[in-house]
Amino acid sequence: MTTAAKTEANKDAVPAKRGGTPEQIKPHRIDVQFDESLPKHWFGDSAFLSHVLNTWTAIFPDAERYFVRWSKKALASVTDAQIKKDIQGFIGQETMHANQHEKLWDLLRAQGYNLDPVLWVVQKVAFDWIEKAMPDKANYALVAGLEHFTAMFGEIYFENPELMNKMHGEMKRLFEWHAAEEIEHKAVAYDQLMQIDDSYALRTGVMNLAVVGLYLITFGNAFYFMAQDRSLFNPKEWLTIADVFFGKYDLARKTLVKFLEYYKPGFHPWDNENYHLAQPTLAQYEKKAS
Ligand SMILES: [Fe+2]
Ligand SMILES: [Fe+2]
């Protein structure tokens with residue numbers, strides 16, 4: 001079901017002015033500022049947690065520019081007017097995400113981290129060689145698949161405030177804003193793919209590859225950053241990993257359940273009506289802009 005159709009279906013059920021799905025997708029302006037006062041382990045004093053998100057900060061800009069490239073291309077073949085409008089809003093949001101995360105690269109380098117290997121993997125291997133080797137439809141399916149992850153992580157952000165409150169203030173502002181917009185535009189790449197090719201085999205086949213690639217890069221590079229500041233074999237870090245994934249925060253199971261939703265035949269991102277999680281954050285930026 002398209003975002004437009006979903007909005008129609010939910011119209012009567014949701015009393016708030018903004019319903020269960022976004023009426024209009026547009027970028028919310030932010031200008032994050034970082035300086036050398038940012039601690040190296042800025043997330044709960046944990047190298048692992050900080051470096052998972054530092055890795056995403058390294059890979060998001062190229063990934064998001066890849067999404068933008070394919071969404072601009074999709075505009076030529078998508079005919080649904082609402083989806084076209086959503087795609088334009090999506091392009092605006094992802095462009096801002098890329099620019100805001102990229103601001104951190106120099107600071108991470110100044111802290112002593114080598115970003116070059118992970119940037120080579122995303123810039124050369126993923127978004128040059130693999131992108132060019134794949135058929136167009138597989139690229140659209142990869143954008144939709146990766147967007148399922150960013151929406152999942154956005155939801156996990158808002159569902160786990162006790163954990164997320166451990167972030168350094170400005171980093172929390174960046175990731176919270178990003179998480180909220182990822183939820184808001186979570187159906188756009190999916191609707192775009194459905195307009196181009198709604199094959200179950202295509203979307204799930206590409207997702208099988210996307211999950212392996214994303215996890216390899218995320219954990220591989222997080223451990224590489226940990227090795228760089230000699231925290232890889234620190235037992236405290238491994239206790240945090242166990243607690244976050246299998247203990248108190250139970251994120252391995254929660255993530256798996258959300259991930260598997262994508263494999264349901266007939267799945268649509270707004271089957272999970274979680275827009276309310278993002279709305280308070282988005283409303284803050286709308287208030288500032290008015
Ligand atoms: Fe994004
Ligand atoms: Fe996104």
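When a ligand or atom number is given, it counts from 1 through the structure's own listing order. Quick caveat: nothing in here was measured; it's all calculated off a predicted structure. Computed over heavy atoms, backbone and side chain alike; hydrogens, waters and symmetry mates excluded.
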Partner of D86 by side chain to side chain donor-acceptor pair (under 3.5 Å), out of Q82, K84, Q88: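 The residue from Q82, K84, Q88 that satisfies side chain to side chain donor-acceptor pair (under 3.5 Å) with D86 turns out to be Q82.
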Among the N, O or S atoms that H178 has, which is closest to the Fe ion (ligand 1)?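 So the atom name we want here is NE2.
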When you compare the side chains of H185 and E147, does any donor N or O come within less than 3.5 Å of an acceptor on the partner?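 Yes, because at least one side-chain N or O of H185 sits under 3.5 Å from a partner of the opposite role on E147.
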Proximal heteroatom of [X] relative to the Fe ion (ligand 2) (N/O/S):
{"X": "H185", "answer": "NE2"}
{"X": "E182", "answer": "OE1"}
{"X": "E94", "answer": "OE2"}

Under 3.5 Å: donor-acceptor pair, side chain of T204, backbone of Y263: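 A pair under 3.5 Å: no.
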For the metal site, I want the angle between atom OE2 of E64 and atom ND1 of H97 with the Fe ion (ligand 1) at the apex, to 10°.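 Centred on the Fe ion (ligand 1), the OE2/ND1 angle is 100° (to 10°).
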Under a 4.0 Å threshold between the charged nitrogen and the carboxylate oxygen, would E155 count as salt-bridged to K254?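 Between E155 and K254 there is no salt bridge, as every charged N stays at least 4.0 Å from the carboxylate O atoms.
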Pairing residues for Q228 by the side chain to side chain contact (heavy atoms under 4.5 Å, CB included) criterion, not counting sequence neighbours: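 By the side chain to side chain contact (heavy atoms under 4.5 Å, CB included) rule, Q228 matches Y113, N114, Y224, F225.
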